2 protein chains.
Amino acid sequence: MNLSSRQIDAFLALAVSLSFTRAAAQCHLSQPAFSALIRSLEEGLGLRLFDRSTRHVSLTSEGEDFLVAARRIRIEMDAALSSMKSTASLERGRVSIALLPSLSAGWLPNVLRQYRSAHPGIEISIADVLSEPCIELVASSKADFALAAVRVDTPELCASPFCSDGFHLVCRRDHPLAKISLTTGHGARTTSQLSALAAWPFIHMARHSSVRQYLEAAFHPQVMRTVMEVEQLATVAGMVRAGLGISVIPTLTAFHFKHPDLITRPLPLPGLTRQIYLVRRRDRGLSVAAQALHDHIVHHRPPSE
Amino acid sequence: MNLSSRQIDAFLALAVSLSFTRAAAQCHLSQPAFSALIRSLEEGLGLRLFDRSTRHVSLTSEGEDFLVAARRIRIEMDAALSSMKSTASLERGRVSIALLPSLSAGWLPNVLRQYRSAHPGIEISIADVLSEPCIELVASSKADFALAAVRVDTPELCASPFCSDGFHLVCRRDHPLAKISLTTGHGARTTSQLSALAAWPFIHMARHSSVRQYLEAAFHPQVMRTVMEVEQLATVAGMVRAGLGISVIPTLTAFHFKHPDLITRPLPLPGLTRQIYLVRRRDRGLSVAAQALHDHIVHHRPPSE
DNA sequence: CGATCTTACGGGATTCGTAAACATA
DNA sequence: TATGTTTACGAATCCCGTAAGATCG
């Protein structure tokens, strides 16, 4: 038999009010339609649930048994419906994203603050890791989507361009490079600018970082004077401030280097543009909460350079 | 929104099989109809529950949440439906009746044995008490119906004739009355028969018993030679056997007096017929189990005299 | 006779199944 | 191309509301 929530509601309304007329009104039905609904329930169960005469309505013995069962069904239905409703309306939910530290520290917080104030009930999980683990997290469904510097295109994953990020030179305020102008150039002009930079002791990021990859490719075949390799941008800042060398860092992370002793300047060299992709699974759509964050993030994507 | 068991079943079938075609067959629906059912559920909830392409079907994040809720709803529904089904089919239930001891000891057991073998799962409660408490139990809904010697007719209760019960003389085999013939009589004949009985020492039931009431009325205005008043028929039997007196007992209880030392003989006197009524509440119908017992009892009612 | 539940019935919405269109591996 | 989902659409069914009927106090 088919048992509908309307039948349950009708039964409960009648069991409480013990009046077809009032219960019908409560269910927003005409009284005959309501009567038919109760009858269909009774026929489906094969039992009379109410003793009724024109003047009196009361639960039968079987109706009393069904009352407790109907209440339990109603409770489960209400729980399911309200849970789904709050999920659909973004009152509750969870979303997990993975993205580069360069994005997570500077650009993300403000964007996320807006999202959170709009949907305070949604739990957010952030994995601020390098591109490779970002992809891993999405591939293993531990993250809903990722912002990473790798264009993946597998049966499982796909990437779409998200934004492009330039690079900034960073050096001490008293460094000779702080004075010279860096302009967009082509050919020989570019080569000479690269030479000017390559001449100075350089603080590098670790080899597996996308920043390092881009720099190696852009400066090739020039050999750079690597002073050291570090993992964290904060360490780069400290080293440069101590006068151990210069560095080149993504524009998105330039805010880390706002310091009286330091200068950051755009490095508008061709090829020195890091592309950042939004990576997601091919098969699964995003959850409601993830889709909302996705839309919000895309809407507030950083300015591309 | 309206949530039906068909939607729940469709969702669960699809969540398990992850194939519209197979799930549709399982639900005895054409595949497009099944697809529409799933869509109606998703639209009702305002959420996509499945990610589907032509080659792959999988639960969304929200669908996984709904899966646990749907299972709980299904469990409650199944519990309710199976409980109601077993009640309707008389596999389970309870029935409570009140009836006179004269009926409960002799006639009832065999009738009840048949009922019980047909419906072994139904709990039966018997109150073998005198007419007044019988009525009380029905009036207070502690008994579904009663068999008693009182014709009640109140706003709450109504009585219908059930059977009529004659009376038997009981005396020792060596008693003078054991020899004489007792025939149906009228007028003077009756009076003389009554006189013949009233002459002997008599073992009476207590004043509040219906048997005593009938005897007092039938013998009036003759004065009986009351030896003693007792409560139980078994005591009457013992007293008569000891030669302390004779007695008159309902035909339905005559089996109590089958003893080598005793004689029981019908007492076909006009007015000496006890009417037994089936008493039930006016407002409430009988439960399924009670109705079945009612029908069975009426069908096997004792032969009226 | 008044209040209330049931039956009767016409119109409208829902739902079904068949067939065609569409999408993916 | 083959499998499987969605769309299109006519037909059957279900459901609702109005109106009339029945029943009890």
Side-chain angles (χ1 to χ4, degrees), chain A residues 1-11 13-44 47-60 63 153-158 280-285, chain B residues 1-11 13-45 48-60 63 153-158 280-285:
Chain A
M1 101 161 264
N2 185 23
L3 189 61
S4 69
S5 61
R6 301 178 59 254
Q7 287 174 316
I8 298 291
D9 289 340
F11 171 80
L14 184 54
V16 169
S17 70
L18 293 178
S19 156
F20 277 72
T21 306
R22 285 195 298 275
Q26 188 180 328
C27 292
H28 309 292
L29 278 172
S30 72
Q31 194 275 328
F34 181 87
S35 192
L37 196 55
I38 294 291
R39 187 169 53 246
S40 76
L41 178 61
E42 289 180 325
E43 286 174 0
L47 285 169
R48 288 176 57 88
L49 299 173
F50 294 94
D51 274 320
R52 49 236 207 226
S53 68
T54 56
R55 289 315 253 184
H56 190 68
V57 174
S58 64
L59 280 167
T60 62
D153 186 13
T154 69
E156 281 185 327
L157 305 178
C158 64
R280 43 184 297 187
R281 292 185 65 90
R282 275 209 149 83
D283 53 350
R284 305 188 59 159
Chain B
M1 96 160 271
N2 184 24
L3 187 61
S4 70
S5 61
R6 299 178 62 254
Q7 288 174 316
I8 298 291
D9 288 339
F11 172 80
L14 184 55
V16 169
S17 70
L18 294 177
S19 156
F20 277 72
T21 306
R22 286 195 297 276
Q26 189 180 328
C27 293
H28 309 291
L29 278 173
S30 73
Q31 194 276 331
F34 181 86
S35 192
L37 196 55
I38 293 292
R39 187 168 53 248
S40 77
L41 178 60
E42 289 180 326
E43 285 173 1
L45 295 174
R48 288 174 58 86
L49 299 173
F50 294 94
D51 274 320
R52 48 232 205 232
S53 67
T54 57
R55 293 314 256 184
H56 190 69
V57 175
S58 64
L59 281 166
T60 62
D153 187 13
T154 69
E156 282 185 329
L157 305 179
C158 65
R280 44 184 294 187
R281 293 185 65 90
R282 274 210 150 80
D283 53 349
R284 306 188 57 159

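The shown structure was predicted, so the numbers you read here are calculated from the model rather than taken from an experiment. Reminder, nothing fancy here: chain letters follow the sequence lines and each chain counts from 1.
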Next item on the list: Name the closest nucleotide to the B:Gln31 side chain, picking from D:dT5, D:dC16, C:dC5.
Entry: D:dT5

Next item on the list: Determine the minimum heavy-atom distance between A:Phe34 and A:Cys27, stating which atoms define it.
Entry: CE1-SG, 3.8 Å

Check: Rounded to the nearest Å, what distance is computed from the CG atom of residue B:Asp51 to the C1' atom of nucleotide C:dA23?
Finding: 16 Å

Next item on the list: Counting heavy atoms from C-beta on, name the nucleotide in D:dT6, C:dG17, C:dC5 closest to the side chain of B:Ser30.
Entry: C:dG17

Notebook entry, point to check: For the pair made of NE2 in A:His56 and P in C:dG2, what is the distance, rounded to whole Å?
Noted result: 24 Å

Check: Any idea which of C:dT4, C:dC16, D:dT18 is nearest the A:Arg55 side chain?
Finding: C:dT4

Next item on the list: Select base, sugar-phosphate, or nothing to describe what B:Ser40 touches, counting heavy atoms under 4.0 Å on all strands.
Entry: nothing

Note to self: Pick the closest DNA chain D nucleotide for A:His28 and for B:Thr21 by heavy atoms, then say which residue is nearer the 5' end.
What the structure shows: B:Thr21

Next item on the list: Using distance alone, with no hydrogens and no angle criterion, decide if A:Asn2 and B:Ser5 have a side-chain donor and acceptor under 3.5 Å apart.
Entry: yes

Checklist line | Whole-Å distance separating the CG atom of A:Asp283 from the C1' atom of C:dT24 | finding: 14 Å

Next item on the list: Using a cut-off of strictly less than 4.0 Å, decide whether B:Arg6 has a side-chain nitrogen or oxygen near OP1 or OP2 of D:dC14.
Entry: no

Note to self: Could you tell me how far apart B:Leu29 (CG) and D:dT13 (C1') are, to the nearest whole angstrom?
What the structure shows: 14 Å

Notebook entry, point to check: Between B:Thr54 and C:dT24, does any side-chain N or O lie under 4.0 Å from OP1 or OP2?
Noted result: no

Next item on the list: With DNA chain D as reference, determine whether A:Ala36 or B:Ser53 sits nearer its 5' end, using the nearest nucleotide of each.
Entry: B:Ser53

Check: Rounded to whole angstroms, how far apart are CG on B:Asn2 and P on C:dA13?
Finding: 18 Å

Notebook entry, point to check: Between B:Glu42 (CD) and D:dT5 (P), how many Å, whole number?
Noted result: 13 Å

Check: Looking at A:Thr60 and B:Arg284, what are the two nearest heavy atoms and their distance?
Finding: C-NH2, 3.9 Å

Next item on the list: Just compare D:dT6, D:dG17, C:dC5 and give me whichever is closest to any side-chain atom of A:Arg52.
Entry: C:dC5

Next item on the list: Please determine if a side-chain N or O atom of A:Arg39 lies less than 4.0 Å away from the OP1 or OP2 oxygen of C:dC5.
Entry: no

